[in-house]
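Below, all heavy atoms of this structure are taken into account, side chains as well, without hydrogens, waters or symmetry copies. The sequence lines fix the lettering, A, B, ..., with proteins before strands; numbering per chain opens at 1.
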Amino acid sequence: MACKVGPVTDSEGRVWLTIATTRPETIPGDTAVAVNPKDTRYAHLIGKHIIRPLPIQLPPEQKLIPIIGDEHVDFEFGTGVLKVTPAHDKADFDIGQRHKLPVVDIMNANGTMNELAGESLVGLDRFEARKVAVERLKELAVMVEEKPYENSVGFSQRADVPIEPRLSEQWFLKYPSVEVSTKCVANGQMKFYPDRWAKVYDHWLTNIQDWCISRQLWWGHQIPVWSKHFTDASEFFGNDDSDQDVLHDCISILGGEDIICVRYVRDEKPEAGFQESVPKTGGFTVFVGVEADTVKAPSGEEIALTSRLEKAGFTQDPDVLDTWFSSWLWPFATMGWPENTETLKKFYPTTDLVTGPDIIFFWVARMIMAGYEYMGELPFRNVYFTGIIRDKQGRKMSKTLGNSPDPLDLIARYGADALRFGTMRSAPLGQDVLFDEKDVELGRNFCNKLWNACRFRQMQGGEVQGEINAKLLSSDDQWILLRLDLAIREVSDALTGYNFATAVQSLYRFFWSEYCDWYVEASKAAFFGEDAALKANKVAVIDFVLSHLLRMFHPLLPFITEELWHGMGYAADMPEGQGGQTIMYAPWPKPLSADEKEAWGLDDTVETFANAKFELVTQGRNLKTQFNIGAGKKGKFTLKPAGQLDPKEAEVLRLLLSAEALALDPNYAPKKGTPTALTKLGELYLPLDGLVDSEAERTRLTKEVAKIQGEIEKVQQKLANPSFAQKVPPAVLEEHKQRLADWQTKLAQTKSAIEALS
RNA sequence: GCGUGGUUAGCUCAGUGGUAGAGCACUACCUUGACACGGUAGGGGUCGCAGGUUCGAACCCUGCACCGCGCACCA
């Protein structure tokens with residue numbers, strides 16, 4: 001294919017052109033040879049004729065075909081000369097149309113060659129014919145070279161054979177409302193999520209081609225067009241067959257009502273297409289499109305249209321309609337269209353379409369065009385494109401591979417909510433999803449956790465507590481209310497932007513890491529205590545948090561949240577139409593108001609104090625692990641507080657540390673080698689009765705020093721840069737300085753702790 | 001060829017300029033009174049490569065490599 005040849009003139013003065021082809025059997029169907037008019041090797045030959053080698057039996061003067069110039073020809077490719085076979089190649093057909101070339105179909109419908117292919121090929125299968133054609137070319141001594149060439153031909157999925165391009169008659173639809181459909185997405189009236197698909201949509205619409213709606217299948221909706229050939233107008237009109245008279249009646253009665261459509265195609269000029277009136281001369285074919293088998297005439301008369309057409313000798317088109325031809329009507333045809341029903345009025349246009357990006361042309365674009373064309377308005381305002389679910393290896397789910405899980409089986413084993421939640425959690429915006437059963441398992445575990453968290457509330461007893469008493473709020477209560485507020489804002493924002501995975505992430509963090517891990521554990525200090533008012537108020541906070549949480553979870557976990565909504569008694573607490581009946585009608589949680597925040601004392605100090613507590617607890621737990629006071633063992637801590645510490649807070653800390661005791665002693669003098677954690681709330685000691693291992697503690701603290709020094713170095717390097725202080729925003733500068741100070745304090749403390757060891 | 005998405009911990013993926021994160025998997029300990037479908041602690045990453053912009057880059061720009069997807073082409 002790389003041969004860069006030009007025309008060759010032989011000793012007899014004849015000019016030869018070399019042509020590369022992978023389908024020599026189609027040579028008898030060639031009706032021209034094309035070169036690029038800009039190709040200097042060949043341009044001078046345009047307008048001359050060339051002798052086509054096949055069919056071998058025909059005399060040369062019957063095989064003269066023109067040499068034409070066409071921009072389509074790539075002179076880098078092959079020899080730069082293209083044989084043009086309009087009946088057997090899409091691109092060649094287009095060239096043929098441009099140059100008004102004859103179209104010679106040399107094959108039968110079953111893939112064998114017909115008589116036009118010549119004596120030596122007729123009757124042969126196309127692949128057999130290919131071999132024979134090569135032999136004939138060799139006989140003629142016109143074969144230059146034969147070599148293997150790999151190209152990608154389309155294969156029929158059903159028959160598993162190479163697809164043979166062949167001319168046939170098909171029905172095409174000129175797309176309607178193209179311009180307005182293109183604009184509505186381009187100008188943002190309709191939004192795509194993720195919006196990059198808008199570009200794909202735009203590209204397709206601006207290069208749109210007529211829609212081939214014929215399908216050669218045995219199933220489907222048969223195209224409702226009947227046709228019959230007539231030799232002339234007198235045959236069409238001059239027949240006294242009564243059925244045909246009725247047909248004429250139908251045409252005259254119904255033609256104007258758009259119930260039937262009658263068109264005429266002249267034998268002589270088929271390319272002129274459908275004519276609206278009966279041709280005066282020559283033969284023609286009559287096409288009748290009908291709306292229904294039986295129609296009602298304006299006079300009220302029932303007319304069995306199709307049976308009369310058949311009696312009059314008309315036959316229905318054997319092809320069926322493309323399935324998408326009904327799907328594009330879906331946004332309105334599902335709601336009683338063409339009647340203007342109440343449902344249609346209410347739900348057209350709708351807000352969101354959720355679908356896969358792989359059917360953006362097949363379905364989405366066509367629905368938009370049909371919407372504008374038949375309803376005069378866009379069908380939906382937002383299109384959310386999901387990822388495609390693939391298997392663990394990234395392959396598409398397919399019946400052939402058998403790699404698709406059975407959703408009903410998964411639901412039976414893990415629950416419907418688990419499947420939904422797990423899949424949502426692993427489905428980032430615009431990315432394909434690799435399906436892993438582990439995700440469903442995670443969903444199930446999550447549901448279990450939610451169920452148990454609600455159970456914990458129920459075990460505290462009492463009715464649903466509506467009123468929160470601000471005076472009785474602990475720092476933990478204030479903290480969880482602030483976190484709830486943040487979660488409500490994050491989840492609402494995520495859902496508004498169609499970021500479902502982000503919404504799941506926020507909820508997961510809030511519920512599991514914040515509510516369960518910290519708040520529920522901390523709340524046990526009150527529940528294990530004796531103060532009834534405090535307990536009741538804590539229950540009120542929990543009810544407030546959970547009733548908001550369940551509503552936020554509801555779109556992701558519809559079944560379990562409904563169950564819990566009623567089980568927890570939150571339904572009974574709400575008005576009938578706003579959650580009393582079902583959580584589905586409950587209002588979406590609103591972020592806390594400024595008034596609420598003020599009344600409950602939710603300010604910045606809440607967060608700071610909570611973080612200090614969590615830091616102390618984490619370090620204390622760390623100490624326990626380091627010194628092998630396992631989770632089962634309690635341990636006794638002593639805290640030398642940095643300032644005032646409410647005994648109630650100390651009790652919470654003790655519980656979170658899972659310690660037997662937490663002594664508060666401002667004057668504590670630890671024994672040498674007592675393990676220490678240095679925190680903002682004070683120095684936390686873990687006295688180990690007689691079992692002090694100074695070396696172990698020294699090792700631990702030395703490691704700690706190294707880590708701290710590393711952090712200090714990082715911050716110092718930044719601050720040492722002269723332009724850092726000048727150019728950085730003040731808040732960032734302040735934050736870096738504070739960070740350095742914190743680490744330095746910690747370093748000093750840790751070093752003195754090491755001193756104290758010796 | 002044109003367009004488009006990706007490359008971050010063993011795996012799946014968040015993170016769009018200021019101290020690298022989650023879930024799973026892994027290690028150790030624990031059946032304590034919501035939950036072992038659980039808890040606590042821990043190990044594990046020079047954020048694909050090379051330049052550039054910036055006081056500062058996983059993040060912005062340029063180029064490259066590799067893996068996808070779509071469209072066109074396939075004489």
Toward the 5' end of RNA chain B, by each residue's nearest nucleotide, A:Val433 or A:Val617: A:Val433

For A:Arg390 and A:Val732, take the nucleotide of RNA chain B holding the closest heavy atom to each; which residue's nucleotide lies nearer the 5' end? A:Val732

Give a yes/no answer on whether the side chain of A:His72 brings an N or O atom under 4.0 Å of OP1 or OP2 in B:rA72. no

So, is A:Lys624 near the phosphate of B:rC30, with a side-chain N or O under 4.0 Å from OP1 or OP2? no

Lys/Arg-Asp/Glu bridge criterion (N-O < 4.0 Å) met for A:Glu164, A:Arg126: yes

Take atom [atom1] in [N] and the same atom in [M], then report the distance between them in whole Å.
| N | M | atom1 | result |
| --- | --- | --- | --- |
| B:rG23 | B:rG17 | P | 25 Å |
| B:rG21 | B:rG44 | C1' | 14 Å |
| B:rC30 | B:rG68 | C1' | 45 Å |
| B:rG3 | B:rA20 | P | 36 Å |
| B:rU7 | B:rG43 | P | 26 Å |
| B:rA28 | B:rC67 | C1' | 38 Å |
| B:rC73 | B:rG5 | C1' | 23 Å |
| B:rC71 | B:rG63 | C1' | 25 Å |

[N] [atom2] sits how many Å from [X] [atom1], rounded?
| X | N | atom1 | atom2 | value |
| --- | --- | --- | --- | --- |
| A:Arg455 | B:rG38 | CZ | C1' | 12 Å |
| A:Leu655 | B:rG33 | CG | P | 13 Å |
| A:Arg444 | B:rG38 | CZ | C1' | 12 Å |
| A:Leu205 | B:rC71 | CG | P | 15 Å |
| A:Asn448 | B:rG39 | CG | P | 10 Å |
| A:Glu521 | B:rU40 | CD | P | 8 Å |
| A:Gln626 | B:rG42 | CD | P | 8 Å |
| A:Leu657 | B:rG39 | CG | P | 18 Å |

Output the single nucleotide from [options] whose closest atom is nearest the side chain of [X].
| X | options | result |
| --- | --- | --- |
| A:Phe77 | B:rA41, B:rC74, B:rA34 | B:rC74 |
| A:Val520 | B:rA41, B:rG18, B:rA34 | B:rA34 |
| A:Phe361 | B:rG70, B:rA34, B:rG39 | B:rG70 |
| A:Trp512 | B:rG18, B:rG38, B:rC69 | B:rG38 |
| A:Lys714 | B:rA20, B:rG42, B:rA34 | B:rA20 |
| A:Thr618 | B:rG18, B:rA41, B:rC35 | B:rA41 |

Which residues pass the side-chain contact (heavy atoms from CB on, under 4.5 Å) test with [X], not counting sequence neighbours?
| X | answer |
| --- | --- |
| A:Asp742 | A:Lys680, A:Gln738 |
| A:Lys718 | A:Phe724, A:His736 |
| A:Ala659 | A:Phe637, A:Arg654, A:Leu657 |
| A:Ala526 | A:Lys538 |

Can you tabulate the close N/O pairs, meaning under 3.5 Å, that link protein atoms to atoms of nucleotides 2-5 of chain B?
unit_1: B:rG3; atom_1: O3'; unit_2: A:Lys199; atom_2: NZ; d: 3.1
unit_1: B:rU4; atom_1: OP1; unit_2: A:Lys199; atom_2: NZ; d: 2.6
unit_1: B:rG5; atom_1: O2'; unit_2: A:Gln431; atom_2: OE1; d: 3.1

Once side chain to side chain donor-acceptor pair (under 3.5 Å) is applied, do any residues pair with [X], and if so which ones, sequence neighbours excluded?
| X | result |
| --- | --- |
| A:Asn452 | A:Asn448, A:Arg455 |
| A:Gln619 | A:Glu615 |
| A:Glu490 | A:Ser506, A:Arg509 |

Classify [X] by what it touches in the nucleic acid, base, sugar-phosphate, or nothing, heavy-atom distance under 4.0 Å.
| X | answer |
| --- | --- |
| A:Val73 | base |
| A:Asn721 | sugar-phosphate |
| A:Leu434 | sugar-phosphate |
| A:Cys516 | base |
| A:Pro357 | nothing |
| A:Glu735 | base |
| A:Asp92 | nothing |

Which residues share a salt bridge (Lys or Arg N to Asp or Glu O under 4.0 Å) with A:Lys90, sequence neighbours left out: A:Asp94

Is there a donor-acceptor contact under 3.5 Å from the side chain of [X] to the main chain of [Y]?
| X | Y | value |
| --- | --- | --- |
| A:Ser658 | A:Leu655 | no |
| A:Asp39 | A:Ala43 | no |
| A:Asp432 | A:Ile388 | yes |

Listed range with range, the stems formed with RNA chain B by at least 3 consecutive Watson-Crick or G-U pairs (under 3.5 Å) are B:1-7 with B:65-71, B:10-13 with B:21-24, B:26-30 with B:38-42, B:48-52 with B:60-64

Can you confirm if the NZ or CZ of A:Arg425 lies within 45° of the ring axis of A:Tyr508 and under 6.0 Å from the centre of its six-membered ring? yes

Quiz question: by atom type and distance under 3.5 Å, do the side chains of A:Asn622 and A:Gln626 form a donor-acceptor pair? yes

Can you list everything that forms a ring-ring contact (aromatic ring centres under 6.0 Å, His included) with A:Trp518? Sequence neighbours excluded, please. A:Phe614

Protein-nucleotides 22-28 of chain B N/O pairs closer than 3.5 Å?
unit_1: B:rG23; atom_1: O4'; unit_2: A:Arg425; atom_2: NH2; d: 2.8

